Amino acid sequence: MGLKLNDIRKSFGTPPVNVLKGISFEIKDGEFVALTGRSGSGKSTLLYVLSSLDPPTSGSLKVDGREMESLAPSDLHQFRNLHMGFVFQFHYLLPELTCLENILMPARKTGRQVELQKDALKLMRDFEVEHVKDKVPGKISGGERQRVAIARALLLKPKYLFADEPTGNLDSASGEKVMKIFEQVNRKHKTTVIMVTHDMGYANRAKRRIGLKDGAVEFDRKSKDR
Ligand SMILES: Nc1ncnc2c1ncn2[C@@H]1O[C@H](COP(=O)(O)OP(=O)(O)OP(=O)(O)O)[C@@H](O)[C@H]1O
Ligand SMILES: [Mg+2]
């Protein structure tokens, strides 16, 4: 079980520009992986492919043994909604909804909003954002917004959490809170975390670091067991 990539390639445009140049690796359940590399090395592109938000040009992506390419779009959508959480560098909270309503968005699709309200509030408490529950995202700080976005990503207890520079726009205190949350969900809930970061301090806290260079894997290192 987990994610398995085999010779993933991705190109954009005509003539095609090859952005991912044959990437193969496996991520097992419960891993905490930091994806690093210079700007333009293909980190975000790879994260989108890994999370099946964007199909590769060629190659295979298996999630829990399923070939993602072979799923019907509606099944793929449902699989993602139930099992994958996403956190982007620039949060995509809906501006007209309150923070609590934003966190409950994934539950809306499955008709479990009422049932999950308690869980949403518990996440807000854990992430120290309960005080902003009735505010709209435009009226709270960047760090608070990011923690609301993470709470939303975690509401349905996804097996996988994908994050693209989740600490990128935050001051060090807010960044540290986000990192702690990721470490905690990985440890307590065994959530598989895949996080793009250019912050070496955070990357070094991951159990495994995969470095990209020009669209290929430059290194793949595991930390020694602590
Ligand atoms: N939709 C697209 N169309 C054309 N080119 C793209 C597209 N998306 C990405 N690229 C190109 O692919 C390369 C890798 O982009 P990507 O966003 O994956 O890099 P990155 O490692 O995430 O960089 P950063 O650290 O700056 O976020 C870049 O040269 C980028 O211009
Ligand atoms: Mg990027």
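Every number for a ligand or one of its atoms is a count from 1 in the order of the listing. A quick note: this is a predicted structure, and the numbers were derived from the prediction, not measured.
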Practice prompt. Assign the ring pair Y92 / F88 to parallel, tilted or perpendicular, where the plane angle (0 to 90°) is split at 30° and 60°.
Written response: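 Judged by the thresholds at 30° and 60°, the geometry between Y92 and F88 is perpendicular.
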
Would you say [X] and [Y] make side-chain contact, with heavy atoms under 4.5 Å?
X: L161; Y: N186; result: no
X: P106; Y: R152; result: yes
X: L154; Y: F127; result: yes

Worksheet item: Got a sec: is S44 within less than 2.8 Å of the Mg ion (ligand 2) via an N/O/S atom?
Response: yes

Worksheet item: Can you name the one residue among T167, L170, L93 that meets side chain to side chain contact (heavy atoms under 4.5 Å, CB included) with Q146?
Response: L170

Discussion item. Test: salt bridge (Lys or Arg N to Asp or Glu O under 4.0 Å). Region: residues 48-60. Which pairs qualify, not counting sequence neighbours?
Written reply: K10-D54

Worksheet, complete the sentence: Pocket residues around ligand 1 (non-hydrogen, under 4.0 Å) come out as F12, V19, R38, S39, G40, S41, G42, K43, S44, T45

